[in-house]
Structures are given as C-alpha cells and as structure tokens.
Amino acid sequence: MAKVLCVLYDDPVDGYPSTYARDTLPVLERYPDGQTLPTPAGIDFTPGQLLGSVSGELGLRKYLEGLGHELVVTSDKEGADSEFDRHLADAEVVISQPFWPAYLTAERIAKAPNLKLALTAGIGSDHVDLDAAIRHGVTVAEVTFCNSISVAEHVVMMILSLVRNYLPSHEWVRKGGWNIADCVARSYDLEGMDVGTVAAGRIGLAVLRRLAPFDVRLHYTDRHRLPAEVEEELGLTYHATTQEMAPHCDVVTINAPLHPETQGMFGEELLSQMRRGAYLVNTARALIVDRDAVVRALESGQLAGYAGDVWYPQPAPSDHPWRTMPHQGMTPHISGSSLSAQARYAAGTREILESHFSGTPIRDEYLIVDAGKLAGTGAHSYSTNS
Ligand code: NDP
C-alpha cells in the first residue's frame, strides 16, 4: 500500500471554520475553452468548505484510507528534520500546493526512491525540480485550469487597486481621516492606458478578456500567437518578446510559468525600459522578477506600483523587503486558493489520484512531466535546463 504525503498550509489562527460566509458555490459547467471540470468518480467534501489547510486534507482521507493507503498531512515542510523530509523517504505520492510549496529539489527527489507522482493541487509545478523528476521517472501533474480564472480576477483587482490608489485611500478611512487630496494625488483612471500581459495562456487571456470593456489598449506577448479572430475581437497588439512589449505599456501583468526562459526576466534593465510610472502586477512567480530591482524601481518612481501574491521563498520571511516597500499591494499567495478554486483543485487532485492508483492514464492536460520527458501542458508551456 502506498504512502501519500500531503503538504498543506496551516489552519486559520482562530481554528478550522465551523461556519462560512456563503452557503453554496455557483455551479460551473465547463472552463472557458471547453475543457471539462475535474471528473473524479466521487468526492468526500462539501464544495465551499476550507479544503486547502491541514484540517481540510483536500477531502482525501476517506478515499485513500478506503483503498488501504496511508495519508500523511502536514504543514511542516522546511529543513531536514521536518515532517515532510521524514516521510518523503518512503512516499509514493507527494501532494503540495503552490501557496505552501513543498520544494521538491533534486536532493530531495534523490532521497525518495519510491516517489512516483508529484501532484500539484493547483497550477504551477516550478516547486518541483523538473529536470530531476525527468531523470528519476517521477510523473509531475497539476490541475490545469482549476484556478486560472480565480487568478485572473485577482489580477484585475490588483491593477485597478494600484492605478486608483485604493489601498492607501482605504487606510485613511480606517485612520478616521477624510484626506481627499492625500488619496487622489496618486490616483488615475485605467481608461485609455496601454495594458500588456506576458503570456496569454489560460490566465493571461482571461485577464485580457476581462479588461477589454475598460476601454484600454491591450498588448500581449507569448511563445504561440493567439488566433487572428481573438486578436481582432479584443483589439490586441502582439509583440514577439517581453522586451519589445514592455516599453509600450502603462501596466504589465505577468502570467507565464517560471521556467528557465522566464526566470529573472524583469531585472534592472527591463524595468528601466518601461514607461516611467508604469505598474507591474505579478501573480505568476516571484523569481520572474528581480526582488531588489523592483524595490529600487518603486523607490525611484520608475514603477508607480507593484502588486502580486507570489514571493520567494514561501512563506516569505517577516523581513522580506516586499512587505515594506512603497506603493505596493501585495497579498500572501492566495489568488488561486479561493474557496471556489479549492473545490475544483481538490476534485482534480482526487481525479489524478484515481488515475494513478487504477493505472489509467492521467488526462494529458494535467501532465507536466511523464515517462521521462515534458508532457501534456508541460510540453507546451514549460522548458527545462536539459
Ligand atoms: P497556461 O499554461 O495556460 O499559460 C501559460 C502561458 O505562458 C502559455 O501560453 C505559454 O505559452 C506562456 N509562456 C511560457 N513561457 C513563456 C515565455 N518565455 N514568454 C511568454 N509566454 C510564455 O497557464 P495558466 O495561465 O493557467 O497559469 C500561468 C502561470 O500562472 C502558472 O504557471 C503559475 O506559475 C501561475 N499561477 C499562479 C497562481 C496563483 O495563485 N498566484 C495560480 C495559478 C497559476 P505557450 O503555451 O503558448 O508556449
């Protein structure tokens, strides 16, 4: 019987919820591109409940123990003495969420001879060393599309909140003030601005679609160009590279995976080529930007604002400079872990486990690495060092 090691974020500080703000979730039929939502044989959780924290267990215990497997759930993931490291030695499956990633480095993969499946309950498998997974025959899968729209909504929220100076204005209310001038001295309309996305995959395209009604000029760059009818419908300007696109934008949103091509893309040089006072929103991965270059650009005014929910490492240390840099609207890594998204990625995790344990193929769109090479979505959207 298999050991399934599941690394999840901690329960709320006030304890696991017994009531919720809303009673139900809207029922979705399909994802926007027609892909079906997760189709597990069954689920043992109530959609809308907190599934991504330790007590939520992604709703997997009954199913896995019913098959005679062992489920270990922990949030303790750092250091050689962590519960994660202790159980990794004989684990067959590791499940982790990008919000609280169990970093599966080459060293850790080498110490896990039984490991067959690294499963991301979410999207973005950069916390797994894909080259090492390829070498060791470990399958890497994620729940493609499960939270892409959740993130797109967060991106739109962050763009508006930066451009309109929402968070500092809200602070004046909390402080008892009525300081109109303080609030509006950095407040603009989005209307008429040039907004560009680095990558127009599931999230990037959803952001473009959501922003089109704001009467902005939309730009994008991607490795594969969108169909001409989509470009025409949304009035998109295509740029062959991020370097070509960035100088034409007032707002740039990053929606590409972290892989060798994108790591460190927004360094000092690219930031200096952006329009003075541009806004940068990064909900993709922190290492796509240079941490300290972003701080300097905000301090000098080269960037008027930076927001996002992705940090490195995660959780971010309490002295991480992005907590205190000016003109930022950072959140912890939450955009893809709304209760709505959790219901989908818990179901998708179950679907992938059902395929794994029954020996049937995992859906191609869920695969990042399989049979010793990039596969499925991984073959389309990722690159490796080898
Ligand atoms: P998709 O696979 O649908 O889209 C990724 C897109 O990135 C693809 O269109 C791909 O191009 C493009 N791309 C890859 N490399 C480059 C590059 N060098 N330059 C330009 N474009 C590139 O994934 P999603 O849209 O669903 O998610 C994107 C990323 O967002 C995830 O990988 C993850 O890192 C992050 N994410 C963050 C979440 C959060 O909670 N903050 C939650 C979910 C995802 P092509 O395929 O055409 O080659």
Side-chain angles (χ1 to χ4, degrees), residues 9 31-33 35 52 96-101 120-128 130 140-158 196-210 219-227 230 236 238-246 252-266 270 281-289 307-312 314 316 330-338 340-342 344-345 348 364-368 374-384:
Y9 46 80
Y31 293 116
D33 70 350
Q35 183 188 315
S96 139
Q97 303 168 105
F99 326 105
W100 191 263
T120 303
I123 299 174
S125 295
D126 49 277
H127 58 281
V128 181
L130 298 185
V140 181
E142 58 186 50
V143 191
T144 302
F145 229 140
C146 65
N147 54 15
S148 303
I149 302 303
S150 322
V151 179
E153 290 185 2
H154 208 81
V155 171
V156 173
M157 173 186 80
M158 287 183 149
T197 174
V198 179
R202 293 169 181 84
I203 297 173
L205 180 57
V207 170
L208 291 169
R209 285 196 183 287
R210 278 154 182 74
H219 303 252
Y220 82 102
T221 181
D222 198 293
R223 303 196 304 186
H224 298 85
R225 207 162 163 170
L226 290 166
V230 176
L236 304 180
Y238 172 74
H239 302 264
T241 63
T242 305
Q243 288 70 15
E244 276 179 35
M245 183 184 80
V252 172
T253 153
I254 307 174
N255 299 296
L258 172 63
H259 59 126
E261 276 174 32
T262 56
Q263 180 148 4
M265 187 181 250
F266 280 82
L270 185 55
V281 170
N282 178 13
T283 53
R285 287 295 180 261
L287 292 180
I288 296 175
V289 306
D309 67 333
V310 286
W311 307 67
Y312 187 83
Q314 291 190 169
M330 296 298 297
T331 62
H333 194 165
I334 56 164
S335 64
S337 197
S338 58
S340 323
Q342 290 174 42
R344 292 188 292 271
Y345 67 68
D364 206 45
E365 62 252 40
Y366 290 160
L367 290 174
I368 302 299
L374 289 175
T377 293
H380 201 263
S381 298
Y382 281 75
S383 66
T384 59

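Quantities reported herein were computed from a predicted structural model and do not represent experimental measurements. Counting begins at 1 with the first residue of the sequence. As the structure lists them, so they are numbered: ligands from 1, and atoms in each ligand from 1.
Taking atom 39 (C) of ligand 1 as the reference point, the nearest protein heavy-atom neighbour is H333 NE2, 3.1 Å. The protein heavy-atom contact nearest to atom 22 (C) of ligand 1 is R223 CG, 3.8 Å. Looking only at heavy atoms of the protein, atom 14 (C) of ligand 1 is closest to S381 O, 3.4 Å. Given atom 27 (O) of ligand 1, the protein heavy atom at minimum distance is I203 CD1, 3.3 Å. Annotation: atom 46 (O) of ligand 1 to nearest protein heavy atom, H380 ND1, 2.6 Å. From the protein, the heavy atom lying nearest to atom 1 (P) of ligand 1 is R202 NH1, 3.6 Å. At the shortest separation from atom 42 (C) of ligand 1 among protein heavy atoms lies V151 CG2, 3.2 Å. Closest to atom 9 (O) of ligand 1, if we only count protein heavy atoms, is D222 OD2, 2.8 Å.
Listed by chain and residue number, nothing satisfies the salt bridge (Lys or Arg N to Asp or Glu O under 4.0 Å) test with D222 (two or more places apart in sequence, or in another chain). Every residue two or more places apart in sequence or in another chain was checked for a salt bridge (Lys or Arg N to Asp or Glu O under 4.0 Å) with R210, and none qualifies.
Residues Y345 and T120 have side chains that never bring a donor and an acceptor to within less than 3.5 angstrom of each other.
Within ligand 1, the atoms closer than 4.0 Å to a non-hydrogen atom of N147 are 42 (C), 43 (C), numbered from 1 in the order shown. Close approach to S148 involves these atoms of ligand 1, each under 4.0 Å from a residue heavy atom: 26 (O). Close approach of ligand 1 to T262 (heavy-atom distance below 4.0 Å) involves ligand atoms 17 (C), 18 (N).
Looking at H259 next to ligand 1, an N or O pair under 3.5 Å apart turns up. Looking at ligand 1, you won't find any N or O of A200 less than 3.5 Å from one of its N or O atoms.
Below 30°, between 30° and 60°, or above 60°: for Y9 and F99 the angle between ring planes is above 60°, a perpendicular geometry.
Proximity annotation for atom 32 (O) of ligand 1: of C146, P257, A286, P257 comes nearest, heavy atoms only.
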Let me see the working for H259 and S383 under side-chain hydrogen bond (donor to acceptor under 3.5 Å, both in side chains), right down to the final yes or no.
CA-CA 6 Å; H259 59 126; S383 66; 2.8 Å; yes
